[in-house]
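Note: hydrogens, waters and symmetry copies are ignored here, and every other heavy atom, side chains too, is used. Below, chain A is the first sequence line, B the second, and so on; all start at residue 1.
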Amino acid sequence: MLSHSWIKPLCNRGNLLFALSLGRRATMFHSCSALHFSFQEKPSISRKRKVAVFRELRHVNNLNDAVCVFHQMVRTQPIPSVIEFAKLFRVMINMKHYSAVVSYFTEMRKLGISFDDYILTIVINCFCLLDRAEHGFSVLGIFFKSGVQCNVVTFSTLTRGLFEQNKIQDAMWLFQKLVTEKICELDEVMYGTVMNGLCKKGHTQTALSLLRIMEQGDPKPNTVVYSIVVDALCKDKMVGAAFNLFNEMKRKGITPNVLTYSSLVDGLCKLDQWEKVRLLLDEMMFLHIFPNVHTFSMLVDAFCKKGMVEDAVQVLQLMIQRGQRPDAITYNAIMEGYCLRAEIDVARRVFDSMVASDIKPDIFSYNILINGYCKQKKLDEAMHLYCEISQKGLKSDIVTYCTILQGLFEVGRVECAESFFSEMQNAGHSPDIYTCGVMLHGYLKNGHVEKAMSLFHRWDKQKEDTNILIYNTGNGGFFKIQKLDKARSIFDKLYSIGLHPDAITYNVTVNGLCIESLVDEAKELLRKMEDNGSFPENATSNLIVHGLLKSNTANEAIALLKEIVGRGFPAGKATMSLLIELLLLIGEGPFLVNMIPEFHPRNEK
DNA sequence: ATAGGGTTAG
């Protein structure tokens with residue numbers, strides 16, 4: 001029996017419990033009666049008919065066509081098999097008409113058309129794709145009531161939906177139920193779904209524990225399962241651990257594939273370990289596992305982000321030589337690379353060359369270019385591109401709006417930004433954490449402190465979607481209007497809402513306090529920081545030193561600097577030159593000599 | 001069931 005003590009037990013899971021209690025009854029039912037499989041009776045259809053329906057499906061291009069086919073099917077006698085309905089639903093899912101699938105399934109049931117586990121799973125998948133995994137449980141109810149046996153795919157679908165809606169505990173609870181109550185045989189896909197969900201929601205270690213559990217039991221982890229964890233470790237920047245697991249799977253004879261290698265390549269690139277990247281690429285090619293468009297795009301992106309666009313272009317040429325066709329994502333990376341170097345015109349030419357080589361720019365392409373123009377304060381160009389989006393049949397997304405909003409605030413066009421903010425909401429995008437951050441900062445930067453603060457309070461009331469950045473910005477605002485108590489209370493509140501102050505929090509607060517000449521309180525904060533295990537950055541120390549200098553306590557400033565440097569904290573150039581200046585000023589030459597080893601480059605940040 | 005891209009703070 002597997003041990004799952006790491007899964008937190010749940011309480012108050014109303015509909016889950018309901019469905020699962022039905023589940024127990026249904027399982028018993030199955031074991032004693034096969035009669036309930038009468039639903040499975042397949043109407044006999046001539047080969048000719050089958051072909052006719054299938055052919056029409058190939059020409060279904062919109063919802064209307066699909067609806068016509070559905071009505072045609074239900075009017076046909078004998079009624080086509082459930083497999084034909086499932087095919088139609090698949091087509092509808094590909095067109096993203098998820099709710100239509102749900103309504104037509106309801107229609108089918110009303111008409112008394114039989115259904116099977118396969119089509120019920122399709123319906124569950126539609127609920128999940130609609131972000132309504134909880135409705136998936138009512139479909140489970142249909143299974144149990146009708147006596148159709150669920151299968152493991154049903155449950156992996158449901159589990160995936162729960163993870164995607166961030167209902168991690170529910171997903172784990174369901175998984176645990178499946179394991180302990182043996183509702184169905186779990187396969188690698190089910191384990192893979194759970195592990196992927198855990199990894200994507202930041203629980204890599206839990207996924208790793210599950211991998212270890214799998215190794216003890218059955219089924220054994222396969223390439224996919226290992227690759228999921230390898231990828232997550234890479235994303236967590238634990239590339240060493242990822243390589244250990246990678247070597248372990250190789251030792252056990254589980255062959256890594258191009259995905260496993262690509263994850264590792266990406267992890268190494270992001271940590272600048274280029275020599276290891278080269279070795280790994282050699283290794284995979286030696287094993288005839290060839291880099292594909294994903295692998296190459298990762299390399300292109302990594303070079304671009306480091307400002308090495310020329311190298312990225314070489315990779316691009318290499319991939320074309322090797323017969324891997326770059327796609328929009330590859331070109332977008334190159335465009336971003338040029339934008340980061342403020343070469344927006346070159347980026348624009350890449351965009352045009354993309355169109356010329358028949359690769360359709362997507363919304364990312366537009367967002368990257370728009371951001372490039374905004375950063376150059378070329379708002380007219382940015383707006384022009386924004387208008388082009390809908391002309392090209394694409395849809396602006398929240399990132400598009402957020403980017404332009406920031407651009408407008410940056411050039412001081414506050415009213416434009418406000419009306420654009422409304423435009424965004426009219427287009428059906430509710431502000432997210434990014435837009436909130438941009439609006440807050442934009443208002444503050446342009447002196448609309450009251451507006452910023454009211455926005456902050458409104459956001460602060462809903463606590464689901466928040467982060468430290470919002471509080472840092474809000475904090476800066478409170479200092480700006482000298483609401484020190486508010487600022488202090490924010491600082492104390494952070495932990496209670498599960499946020500941790502970061503370097504910027506301390507800087508904003510220290511800076512605010514020093515401006516108010518509350519240098520002692522700032523120093524106190526520095527101690528608090530240490531207690532919390534965070535080290536002050538150069539900027540933080542500099543702020544306090546400046547604060548002390550402002551309050552004419554040069555000696556105290558020096559004492560503090562001595563302490564900072566003496567304890568091995570990295571003191572940056574600015575701090576050090578300040579210190580040297582001061583020491584010379586008050587004739588502390590000998591101390592300066594002692595300081596020299598500390599002024600070693602290793603202490604630079 | 002697994003891999004690549006864009007937006008926020010000092």
Side-chain angles (χ1 to χ4, degrees), chain A residues 152-153 156-157 159-160 163 187-197 199-200 221-232 234-235 256-267 269 291-302 304-305 326-337 339 362-372 374-375 397-407 409 431-442 444-445 467-477 479 502-512 537 539-540 543:
Chain A
V152 66
V153 184
S156 17
T157 305
T159 308
R160 193 181 342 107
F163 273 118
D187 61 2
E188 292 93 334
V189 179
M190 181 73 219
Y191 278 94
T193 306
V194 171
M195 285 162 70
N196 187 43
C199 288
K200 293 288 144 44
N222 61 10
T223 302
V224 175
V225 162
Y226 272 103
S227 301
I228 288 168
V229 184
V230 165
D231 181 65
C234 287
K235 294 217 161 61
N257 60 20
V258 63
L259 280 79
T260 332
Y261 276 99
S262 298
S263 294
L264 290 164
V265 165
D266 195 46
C269 281
N292 61 17
V293 58
H294 286 253
T295 332
F296 281 116
S297 298
M298 289 164 173
L299 290 166
V300 166
D301 186 60
C304 286
K305 291 243 161 61
D327 60 11
I329 297 180
T330 329
Y331 279 103
N332 288 347
I334 305 254
M335 276 170 45
E336 201 201 351
C339 286
D362 60 10
I363 191 64
F364 283 73
S365 325
Y366 279 95
N367 290 345
I368 289 165
L369 262 195
I370 287 174
N371 192 35
C374 283
K375 289 277 153 23
D397 62 11
I398 189 98
V399 179
T400 323
Y401 288 100
C402 188
T403 309
I404 294 176
L405 273 175
Q406 146 140 281
F409 275 120
D432 64 355
I433 190 84
Y434 283 96
T435 14
C436 175
V438 167
M439 293 296 292
L440 258 178
H441 181 242
L444 281 175
K445 186 190 156 72
N467 63 22
I468 190 69
L469 193 144
I470 296 297
Y471 285 91
N472 290 343
T473 314
N475 218 356
F479 278 118
D502 61 6
I504 297 176
T505 323
Y506 286 109
N507 279 359
V508 171
T509 315
V510 164
N511 189 37
E537 304 182 320
T540 319
L543 284 169

Phosphate OP1/OP2 of B/dG4 contacted by A/Lys235 side-chain N/O (<4.0 Å): yes
Donor-acceptor pair, side chain of A/Asn511 and main chain of A/Asn507, under 3.5 angstrom: no
Test item: A/Ile404 and A/Ile370 side chains (from C-beta on) under 4.5 Å apart, heavy atoms: yes
Partner residues of A/Leu469 under the side-chain contact (heavy atoms from CB on, under 4.5 Å) criterion, sequence neighbours left out: A/Asn467, A/Thr473
Touch class at under 4.0 angstrom, heavy-atom based, for A/Leu440 against every strand present: nothing
A/Asn222 (side chain) and B/dA1 (base): donor-acceptor pair under 3.5 Å: yes
Spacing of A/Asp327 atom CG relative to B/dA3 atom C1', expressed in whole Å: 13 Å
A/Asp432 CG - B/dT7 P separation (whole Å): 13 Å
Phosphate contact (B/dA1 OP1 or OP2) by A/Asn196 side-chain N/O below 4.0 Å: no
Phosphate-side-chain proximity, A/Lys200 and B/dA3, N/O vs OP1/OP2 below 4.0 Å: yes
Nearest-angstrom distance from the residue atom CD1 of A/Ile329 to P of B/dA3: 12 Å
Aromatic-base stack, A/Tyr434 on B/dT8, cutoff 5.5 Å, angle under 30: no
Under-3.5 Å donor-acceptor pair between A/Asn292 side chain and B/dA3 base: yes
Sugar-phosphate only, base, or nothing, as touched by A/Thr505 at under 4.0 Å among non-hydrogen atoms: nothing
OP1 or OP2 of B/dT8 under 4.0 Å from side-chain N/O of A/Gln406: yes
Set of ring pair (Phe, Tyr, Trp, His ring centres under 6.0 Å) partners for A/Tyr226, sequence neighbours left out: none
A/His441 side-chain N/O to B/dG10 phosphate OP1/OP2 under 4.0 Å: yes
Exam field: side chain A/Asp327 to backbone A/Thr330, donor-acceptor pair closer than 3.5 Å: yes
A/Lys375 side-chain N/O to B/dT8 phosphate OP1/OP2 under 4.0 Å: yes
